[in-house]
Amino acid sequence: MNIFRLLGDICHLVAIIVLLLKIWKTRSCAGISGKSQILFALVYTTRYVDLFFTYVSLYNSVMKVIFLASSYATLYLIYVKFKATYDFNHDTFRIEFLLIPCVILSLLITHDYSPVELLWTFSIYLEAVAILPQLFMVSKTGEAETITSHYLFALGAYRALYIVNWIYRYYTESFIDGIAVVAGIIQTILYADFFYLYITKVLKGKDFKLPA
Amino acid sequence: ASFSDLHDEL
């Protein structure tokens, strides 16, 4: 464990909690892409299947349980409890266009072909693009609630910090995982224009609105 | 290396 990865995991946890609180407190999931949340739940489910048969550390297991529980709780809030506030008209990204390429790619480029490794590789590729339905929805509505922009910033910052963690691990442990690094860089790049808008607007107290 | 050695990150 290193400080960059710890900060990354904290950002990740903050993002998930902020989203849950936003939906719970405002009793509304307006502006939130349920499809992205489905993809995130799938990412954690396919990545953390080892939760039941390997033990890395208490921290690792506790965080996995939190991520799994909170992602399914978010799905429940969106598609069951506050279903009436779900903006399905704007949440129209075709996630099959993300799922199928990720399945194919995880069969073409993977460390090995054991089921758990294939699931891990699929989850890495899927996580890189899981935010696309949400970013697509923000571009369609042209704006996002400030709390939603904080959620997106924390979520983007988590993987950006993981890139720093990978650089650190490369130089200190000569550890590198090319699949995770490439996917993580793509994932972070997808947030680039959002980061720009967030820093130039939201941090100056303005609303998060895309230039018309 | 085992799965958890390779993938010790979240």
Side-chain angles (χ1 to χ4, degrees), chain A residues 1-2 4-6 8-13 16 43-44 46-57 59-68 71 110-112 114-121 123-124 127 158-159 161-163 165-166 168-169 173 175-181 183-184, chain B:
Chain A
M1 174 57 82
N2 61 67
F4 307 111
R5 180 146 61 103
L6 184 60
D9 290 341
I10 291 168
C11 274
H12 195 181
L13 189 61
I16 291 176
V43 164
Y44 303 136
T46 52
R47 189 175 304 176
Y48 299 155
V49 286
D50 69 310
L51 177 65
F52 304 107
F53 54 81
T54 62
Y55 178 80
V56 176
S57 69
Y59 170 83
N60 190 275
S61 299
V62 166
M63 290 295 266
K64 285 176 178 177
V65 169
I66 293 172
F67 286 169
L68 276 167
S71 64
T110 178
H111 293 306
D112 74 56
S114 66
V116 69
E117 187 68 26
L118 283 172
L119 284 172
W120 179 85
T121 306
S123 86
I124 290 289
E127 186 187 7
Y158 130 70
R159 212 61 178 170
L161 282 162
Y162 254 69
I163 293 173
N165 150 66
W166 290 321
Y168 177 85
R169 292 190 76 179
E173 306 165 33
F175 172 87
I176 186 84
D177 180 336
I179 287 175
V181 170
Chain B
S2 75
F3 179 85
S4 52
D5 293 337
L6 267 178
H7 308 310
D8 60 346
E9 296 177 342
L10 289 173

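By convention in this document, chain letters (A, B, ...) are assigned in the order of the sequence lines, proteins followed by strands, and residues within each chain are numbered from 1.
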Item to check | When A:Met1, A:His12, A:Arg5 are compared by non-hydrogen pairs under 4.5 Å with chain B, the top option | outcome: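 Top option by heavy-atom pairs under 4.5 Å: A:Arg5.
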Checklist outcome for this item: Scored by heavy-atom pairs under 4.5 Å with chain B, the best of A:Lys64, A:Met63, A:Glu117, A:His111 is A:Glu117
Item to check | Under 4.5 Å from any heavy atom of chain B - which part of A:Asp112 | outcome: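 Answer is neither: A:Asp112 stays 4.5 Å or more from chain B.
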Checklist entry - In terms of heavy-atom proximity below 4.5 Å to chain B, should A:Val56 be classed as side chain, backbone, both, or neither? => result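 Looking at A:Val56, just its side chain touches chain B.
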Item to check | Backbone of B:Asp8 reached by a side-chain donor or acceptor of A:Asn60 within 3.5 Å | outcome: yes
Checklist entry - Parallel under 30°, tilted from 30 to 60°, perpendicular over 60°: which one fits the rings of A:Tyr48 and A:Tyr44? => result parallel
Checklist entry - Would A:Thr54 and B:Ser4 count as having a side-chain donor-acceptor pair, cut-off 3.5 Å? => result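 No donor-acceptor contact under 3.5 Å links the two side chains.
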Next on the checklist: Do B:Leu6 and A:Trp120 make a side-chain contact, defined as non-hydrogen atoms from C-beta onward lying under 4.5 Å apart?
Outcome noted: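 The answer is no; the side chains never approach within 4.5 Å.
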